[in-house]
Number of protein chains: 2
Amino acid sequence: MKIGQVSKKTDLSVQTIRYYETQNLIKSAGRTDGNFRVYDSKVIEQLEFIKHCRHLDLSLSDIKRINELRDNPNAVCEEVNELINDQVKMVKIKMKELRHLKTQLEALTDSCSNNQKVGDCGIIKSLQECDC
Amino acid sequence: MKIGQVSKKTDLSVQTIRYYETQNLIKSAGRTDGNFRVYDSKVIEQLEFIKHCRHLDLSLSDIKRINELRDNPNAVCEEVNELINDQVKMVKIKMKELRHLKTQLEALTDSCSNNQKVGDCGIIKSLQECDC
DNA sequence: CTTGACTCTATAGTGGCTATAGATATTAAA
DNA sequence: TTTAATATCTATAGCCACTATAGAGTCAAG
């Protein structure tokens, strides 16, 4: 299989697949005479795994670490667990920030009745006053 | 006032202040004989405004646009309003994504009882199965 | 006159890609 | 067989909003 086919099967761009290779997340099985990457079907699974993890917003280095642990089945599960828990914590923090953000932004839109002149714009006035 | 003092007053790093200059968000009043930037107090307000907008996660180019509109008080307020509304939309989308993320991550942690071997790790097994 | 704190410019790094240029390889149609 | 279209290769730059560094110059106090 060449990279274009892998790309179609996984719905990842060709560049992304090559990028994952530079980051040592995957390897091609080898090269053709013309220096094209050749893959076996195993890579599809690997890329789906990566996709799934990225979907969970895990960093590529986290994913790399999980892969290392996967390759060593006697390793202790705890590290993976911590990694996921840290991710949950991060997500909670981000959600809190976004809730705050949303409140502030919605307060702003309330202070604007459309088609005023900027000189009278409540939004801009609010932005000038600091409430942090 | 030199840049270090501005930095202290605004709690922005010296590099950030210089960066904002490269992005045409602020200007220094001039330079000393020794080529040090000189600022008047006006810049403090400007930087606080920028800080406030960044706090709302507005992009620097959005902030630049708002500044342009501020300098032209006869402009119509609508554009500022749209800009903020777009920001609210983005925040809502991000929140939705994060909620989804959190659900998935928490489901994962439930599938791990600590200190197992990786070979038996529920998290890793779940990551291998695709539920997208 | 030296020391130390400050400032300057220019450049590289962050993360996770995306996009481009320019060269080579392969495939299909004419 | 030629040619044109498509696929692939490497290397590099760009995105965003900074942060960090190197190496040089400036300035004030002791």
Side-chain angles (χ1 to χ4, degrees), chain A residues 1-39 43 46-67 83 86-87 90-91 94 97 101, chain B residues 1-39 43 46-67 83 86-87 90-91 94 97 101:
Chain A
M1 225 187 328
K2 278 183 288 183
I3 201 166
Q5 225 183 323
V6 175
S7 167
K8 266 177 204 150
K9 285 202 185 182
T10 57
D11 218 23
L12 290 166
S13 77
V14 166
Q15 295 102 302
T16 298
I17 296 169
R18 283 198 284 245
Y19 176 67
Y20 287 166
E21 188 183 305
T22 69
Q23 303 305 298
N24 299 309
L25 284 165
I26 54 163
K27 270 186 200 165
S28 67
R31 299 282 181 130
T32 65
D33 290 348
N35 200 33
F36 287 7
R37 288 171 182 81
V38 178
Y39 296 96
V43 87
Q46 292 172 340
L47 288 171
E48 293 295 346
F49 185 82
I50 295 169
K51 268 178 74 178
H52 198 170
C53 291
R54 287 293 301 133
H55 214 111
L56 299 172
D57 224 15
L58 294 170
S59 70
L60 293 187
S61 69
D62 280 351
I63 298 172
K64 207 175 152 194
R65 184 73 188 125
I66 295 176
N67 274 334
L83 212 143
D86 287 351
Q87 192 67 8
M90 288 234 335
V91 169
K94 275 195 208 165
E97 285 170 0
L101 208 54
Chain B
M1 225 186 333
K2 278 182 290 183
I3 200 165
Q5 226 182 323
V6 175
S7 166
K8 265 178 204 149
K9 285 200 185 183
T10 58
D11 219 23
L12 291 166
S13 77
V14 166
Q15 295 103 301
T16 298
I17 296 168
R18 285 198 283 245
Y19 176 67
Y20 287 165
E21 189 183 304
T22 69
Q23 303 305 298
N24 298 310
L25 285 164
I26 54 163
K27 269 186 200 166
S28 66
R31 299 281 180 129
T32 65
D33 289 349
N35 200 32
F36 287 8
R37 286 171 182 82
V38 179
Y39 295 96
V43 86
Q46 293 173 339
L47 288 171
E48 292 297 344
F49 185 82
I50 295 169
K51 269 177 72 179
H52 197 171
C53 291
R54 288 292 301 134
H55 213 111
L56 299 172
D57 226 14
L58 294 170
S59 69
L60 293 188
S61 70
D62 280 351
I63 298 172
K64 207 175 152 192
R65 184 73 190 125
I66 295 177
N67 274 335
L83 212 144
D86 287 351
Q87 191 68 6
M90 288 235 336
V91 168
K94 274 195 208 165
E97 285 170 0
L101 207 55

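Residue numbering restarts at 1 for every chain, and letters A, B, ... go by the order of the sequence lines.
In this structure, the CD atom of A:Glu21 is 15 Å from the C1' atom of D:dA11, given to the nearest Å. The distance between atom CG of A:Leu12 and atom C1' of C:dG16, rounded to the nearest whole Å, is 12 Å. Taking atom CD1 on A:Ile50 and atom C1' on C:dG16, their separation rounds to 13 Å, with Å as the unit. Counting to the nearest Å, the P atom of C:dT18 and the CD1 atom of A:Ile17 are 11 Å from each other. Between A:Leu47 atom CG and C:dG16 atom C1' the separation is 15 Å, expressed in whole Å.
Partners of A:Lys51 by salt bridge (Lys or Arg N to Asp or Glu O under 4.0 Å), not counting sequence neighbours, listed by chain and number: A:Glu48.
Residues B:Ile50 and B:Ile26 meet the side-chain proximity criterion, which asks for heavy atoms closer than 4.5 Å. Side-chain contact between B:Phe36 and B:Ile3: absent, with no pair of heavy atoms (C-beta onward) separated by less than 4.5 Å. Side-chain atoms of B:Lys27 and B:Tyr20, non-hydrogen and from C-beta on, never get closer than 4.5 Å to each other. Under the 4.5 Å side-chain criterion, counting only non-hydrogen atoms from C-beta, B:Val43 is not in contact with B:Thr10.
Comparing D:dC9, C:dC17, C:dT7 against the side chain of B:Val14 picks out C:dT7 as the nearest.
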Per-nucleotide protein contact string for nucleotides 19-30 of chain D (B base, S sugar-phosphate only, - none; heavy atom under 4.0 Å) | BBB---BSS---

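Comparing the helix axis at one end of the helix from C:dC1-D:dG30 to C:dA30-D:dT1 with that at the other, each defined from 5 consecutive pairs, gives an inter-axis angle of 30° (nearest 10°).
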